Amino acid sequence: MNLKEAFQAQNKLENLFEFVTGYLEDGKNLVSVTEKHLRSKAAEGQPDEKINIVIDNKFPPDKVIDFLLMLIDEREKLAKAIHAAKSSMKFDLDSAVDVNKKRHSAVETLRELRNFKSSSLLEKNAGVGYVFNKEGNQTTYRYDIERVKTIDYDRNRVRELIKKLQKEANKVSNEIDAAIISTTVKYKLPFDMNAGNLEVLEDFLSK
C-alpha cells in the first residue's frame, strides 16, 4: 500500500479499537443472564423454570479481548512501517505538513488584513467642555467627536504576501500529495478496509 492507504488503515484500526473498547465497557456484554422463574413458591404444583436470556450480537469476552490485543499489534506494525516509509522520503513529511498548515493559516489572517479598512465615525455631542461666561461663571458645552481609524500597515504588501504564501502552499501541497501516493508502505491490513466494524469482529471470531 502507499502512504495514503496507510493513513486510511490507521484510521480504520483506530475506529475498530474504539468500537471494541466500547463493547468491552458495556456491562451487558460481559455476563450471561439466567432467569429463575420460581413458580412453585407462588402456586403449589407449578414447576420452577430456568431461562437463559439471549443477548443479540453478544460475543465471548475473552475472544473480543484477543481481538483488541490484535489491533494493538497491528497498530504497532503499521506505525513502524509508516515510519520506515517516511524515512525513505527525500523530505521530512511531518514537518512539511506542519509548516504548510502554518502557511494556510497565515494566508487566512492576511486576507482579514487585506479586507480591513480605515473608518471614520462622528459622535454627535459626545464631548463635554468647560468655559467661563461673561459673568465669570464656569459653564459646560457639548461638541462633536470625530473618531478616525487609519490602518497602520501596507495593504499592497499584504496582497503580495498572500499571493506568495498561497503559491508556495499550493506547491508544497502538490509535493506532499504526490509523495503520499508514490511512497510505498510495507504493510498489509489483515482484513478488508471497507468492511464494517461488526463484520471484521465477526470474521475474526469465526476463525
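Remember, predicted model here, so these are calculated numbers, not experimental data. Residue numbers start at 1 and run along the sequence shown.
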inquiry  = Could you walk me through whether Phe17 and Leu68 satisfy the side chain to side chain contact (heavy atoms under 4.5 Å, CB included) test, starting with their C-alpha distance in whole Å, then the side-chain angles of each, then the deciding distance to 0.1 Å, before giving a yes or no?
reply    = CA-CA 7 Å; Phe17 189 85; Leu68 183 71; 3.4 Å; yes
Indicate yes or no: at least one non-hydrogen side-chain atom of [X] is less than 4.5 angstrom from one of [Y].
X: Ile82; Y: Tyr187; answer: no
X: Lys41; Y: Gln46; answer: no
X: Val185; Y: Phe7; answer: no
X: Leu24; Y: Asn29; answer: no
X: Ile181; Y: Leu3; answer: no
X: Asn125; Y: Tyr143; answer: no

Do [X] and [Y] share a hydrophobic cluster (ILVMFWY, side-chain heavy atoms under 4.5 Å, transitive)?
X: Val99; Y: Ile176; value: no
X: Ile65; Y: Phe67; value: yes
X: Met193; Y: Met70; value: yes
X: Val31; Y: Ile51; value: yes
X: Ile145; Y: Val131; value: yes

Roughly how far, to the nearest 0.5 Å, is the [atom2] atom of [Y] from the [atom1] atom of [X]?
X: Thr21; Y: Leu16; atom1: OG1; atom2: CG; answer: 10.5 Å
X: Leu122; Y: Arg147; atom1: CG; atom2: CZ; answer: 10.5 Å
X: Glu160; Y: Leu165; atom1: CD; atom2: CG; answer: 11.5 Å
X: Asn194; Y: Gln8; atom1: CG; atom2: CD; answer: 8.5 Å
X: Arg155; Y: Phe116; atom1: CZ; atom2: CZ; answer: 9.0 Å

ask   = Among side-chain atoms of Ser173 and Asn100, is any donor-acceptor pair under 3.5 angstrom?
value =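 Yes, side-chain donor-acceptor contact under 3.5 Å.
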task = Determine, step by step, whether Arg39 and Asp48 satisfy the salt bridge (Lys or Arg N to Asp or Glu O under 4.0 Å) criterion, reporting the C-alpha distance in whole Å, the side-chain angles of both residues, the deciding distance to 0.1 Å, and the verdict.
result = CA-CA 5 Å; Arg39 297 190 180 96; Asp48 293 340; over 6 Å; no
query = Checking side chain to side chain contact (heavy atoms under 4.5 Å, CB included) for the pair Thr183/Ser88: CA distance, chi angles, key distance, verdict?
reply = CA-CA 8 Å; Thr183 302; Ser88 70; 4.2 Å; yes
For [X] and [Y], indicate whether the former's side chain and the latter's backbone hold a donor-acceptor pair under 3.5 Å.
X: Asn170; Y: Gln166; result: yes
X: Ser105; Y: Lys101; result: no
X: Glu5; Y: Asn2; result: yes
X: Arg103; Y: Lys167; result: no
X: Asp154; Y: Arg157; result: yes
X: Thr150; Y: Ser118; result: no
X: Lys12; Y: Ala195; result: yes

Give the minimum heavy-atom separation between [X] and [Y], together with the two atoms involved.
X: Leu113; Y: Tyr153; answer: O-OH, 2.6 Å
X: Gln138; Y: Tyr130; answer: NE2-CB, 3.8 Å
X: Leu205; Y: Lys63; answer: CD2-CB, 3.2 Å
X: Lys50; Y: Thr34; answer: CB-CG2, 4.3 Å
X: Met1; Y: Leu189; answer: CE-N, 4.2 Å

Is [X] atom [atom1] crowded by more than 12 heavy atoms from other residues, nucleotides or ligands, each under 6.0 Å away?
X: Lys4; atom1: NZ; value: no
X: Arg142; atom1: CZ; value: yes
X: Glu44; atom1: CD; value: no
X: Phe91; atom1: CZ; value: yes
X: His83; atom1: NE2; value: no

message = Applying the side-chain contact (heavy atoms from CB on, under 4.5 Å) criterion to Leu161, which one of Val107, Asn156, Leu110 satisfies it?
response =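 The residue from Val107, Asn156, Leu110 that satisfies side-chain contact (heavy atoms from CB on, under 4.5 Å) with Leu161 turns out to be Leu110.
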request  = Quick one: do Leu201 and Asn197 satisfy side chain to side chain contact (heavy atoms under 4.5 Å, CB included)? Show the steps, please.
outcome  = CA-CA 6 Å; Leu201 177 58; Asn197 292 338; over 6 Å; no
task = Verify side chain to side chain contact (heavy atoms under 4.5 Å, CB included) between Lys149 and Lys117, making sure each step is shown before the conclusion.
result = CA-CA 9 Å; Lys149 296 180 180 179; Lys117 297 178 180 179; over 6 Å; no
query = Can a salt bridge be assigned to the pair Lys77 and Asp73 using a cut-off of 4.0 Å between side-chain N and carboxylate O?
reply =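 Answer for the salt bridge query: no.
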task = Before accepting this row, confirm whether a basic side-chain N of the pair Arg111/Glu108 lies closer than 4.0 Å to the acidic partner's carboxylate O.
result =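 Glu108 and Arg111: salt-bridged.
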message = Does Lys171 form a salt bridge (Lys or Arg N to Asp or Glu O under 4.0 Å) with Glu175? I'd like the steps, not just the answer.
response = CA-CA 6 Å; Lys171 175 177 174 290; Glu175 292 173 351; 2.9 Å; yes
